[in-house]
Amino acid sequence: MFSERVLSGMRPTGLLHLGHYHGVLKNWVQLQNEMPCLFFVADWHALTTHYESPEVIEASVWDMVVDWLAAGVDPEKATVFIQSRVPAHAELHLLLSMSTPLGWLERVPTYKDQQEKLKEKDLATYGFLGYPLLQAADILIYRATQVPVGEDQIPHVEMTREIARRFNNMYGREPGFEEKAIESAKKLGGKNAKLFMELRKSFQETGDVSAIDKGREILAGAGSLGAADKDRLFSYLEGGRKLILSEPKAMLTAASKMPGLDGQKMSKSYQNTISLRETPDNIAQKIKKMPTDPQRVRRTDPGNPDKCPVWQLHEVYTDEKTKAWVQEGCRSAGIGCLQCKDPIIESIVTELSPMRERAKPFEEDPTLVRKIVAQGCEKARAMAEDTMKEVRGVMGLNYK
Ligand code: TRP
Ligand code: SF4
């Protein structure tokens with residue numbers, strides 16, 4: 001049992017747009033108010049597919065962090081850092097690789113899918129095969145309990161759970177664990193210690209889950225117990241193993257329904273995006289250029305919103321009253337397409353203007369974002385080091 005902690009990463013491969021905001025960042029901003037969060041730039045992950053064009057990554061890293069801050073990620077609440085500045089991720093990746101069966105990696109769906117999809121790139125590489133294991137190291141090194149990801153990333157989190165389980169099974173058999181746990185339990189005090197041991201026994205013998213919950217309650221309320229004793233007893237309660245790595249849960253982020261300027265999903269590869277720091281003029285221009293119902297050639301032709309990408313944006317951005325006005329006006333040729341687009345322009349400008357405001361100081365003084373990231377990296381390194389000390393220890397690497 002580890003306390004709740006959220007971790008998520010994003011690859012720096014270009015400008016962020018409304019799709020990222022609605023699909024990911026809005027969720028991050030919400031989560032940072034609910035529990036401790038770590039958000040990081042997955043630059044090494046980007047290199048697995050962009051090893052021939054690292055300049056793309058270099059150019060996106062800082063802008064991406066500025067976009068996060070603009071969207072409302074708050075460095076006072078969340079730890080923001082860059083993967084490659086916490087080299088322990090690579091160390092854990094290497095150590096986990098020793099015992100990770102090749103088949104587990106080959107079976108991850110993104111491995112073959114991405115090779116098919118990105119045909120122009122040679123992804124038959126060692127690094128790309130290891131992509132999900134590097135991701136597992138990202139997650140496990142912070143003992144993250146929750147990982148907000150999109151659907152395609154669920155298998156990666158599942159594999160991470162298997163990796164953690166296997167690691168704990170292999171290395172969690174600390175000599176003398178049982179004796180140490182009993183010593184720790186004594187610190188709970190006579191009555192609670194006895195109750196705790198009974199609850200454990202009850203769970204071991206009957207599988208009674210409510211016994212575990214009660215046991216956890218005792219531990220949570222035990223002020224006299226240090227963190228190491230607590231961790232040990234949480235593991236002891238559930239079994240005999242020491243839990244070195246914790247199994248994370250995937251937190252499925254609903255797929256962004258953010259439509260692009262052409263009615264397809266908003267995506268850099270379709271060139272149909274509105275970026276998060278787009279100026280009001282550009283926003284207006286882009287929306288005004290959007291194609292509409294192809295049947296509506298003249299102003300006097302009635303149209304059908306179901307056949308029009310502009311309508312999809314109304315579904316995201318405007319209220320019921322406006323939507324009714326569009327339905328009526330479009331089908332009766334009562335409104336023109338430019339008129340129809342106005343409320344969307346207004347909504348997007350309103351949504352993005354606080355972001356442009358928040359981004360301004362960072363654009364004017366590039367050292368600000370560097371400082372935030374430096375602090376985040378420092379915090380992350382300290383957390384990662386805690387885990388690594390234990391991992392190195394159980395893998396027999398703490399030579400004296
Ligand atoms: N693979 C993720 C993506 O493509 C990015 C990522 C890397 C990540 N490491 C992670 C996400 C750890 C969550 C947790 O979106
Ligand atoms: Fe599309 Fe609006 Fe024009 Fe109808 S009026 S075709 S919904 S832009």
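The first residue of the sequence shown is numbered 1, and numbering continues consecutively from there. As the structure lists them, so they are numbered: ligands from 1, and atoms in each ligand from 1.
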is_close_aromatic(Tyr126, Tyr131), centroid dist under 6.0 Å: no

Angle class for the Phe40/Phe81 ring planes (parallel below 30°, perpendicular above 60°, tilted otherwise)? parallel

Hey, which residues fall under 4.0 Å of ligand 1 on heavy atoms? Leu7, Ser8, Gly9, Arg11, Phe40, Ala42, His45, Tyr131, Gln135, Asp138, Ile139, Val147, Val149, Gln153

Check: Lys26 side chain, Ala71 main-chain N or O, donor-acceptor pair, under 3.5 Å: no

Is it the case that the side chains of Glu351 and His22 hold a donor-acceptor pair, with the cut-off being a distance below 3.5 Å and no angle test? yes

Go through the side-chain N and O atoms of Thr322 and Asp319 and say whether any donor and acceptor fall under 3.5 Å apart. yes

Against the six-membered ring of Trp44, is Arg11 placed for a cation-pi contact (under 6.0 Å from the centre, within 45° of the normal)? no

Six-ring centre of Tyr236, Arg200 cation under 6.0 angstrom, axis tolerance 45°: yes

Which heavy atom in Val86 sits nearest to a heavy atom in Cys377, and how many Å separate them? CG2-O, 4.2 Å

Contact residues of ligand 2, where a non-hydrogen atom lies under 4.0 Å away: Thr292, Asp293, Arg296, Cys308, Val310, Val326, Cys330, Cys337, Cys340

Determine whether a donor-acceptor pair (N or O, by modelled atom type, separation under 3.5 Å) exists between the side chain of Asp365 and the backbone of Phe362. no

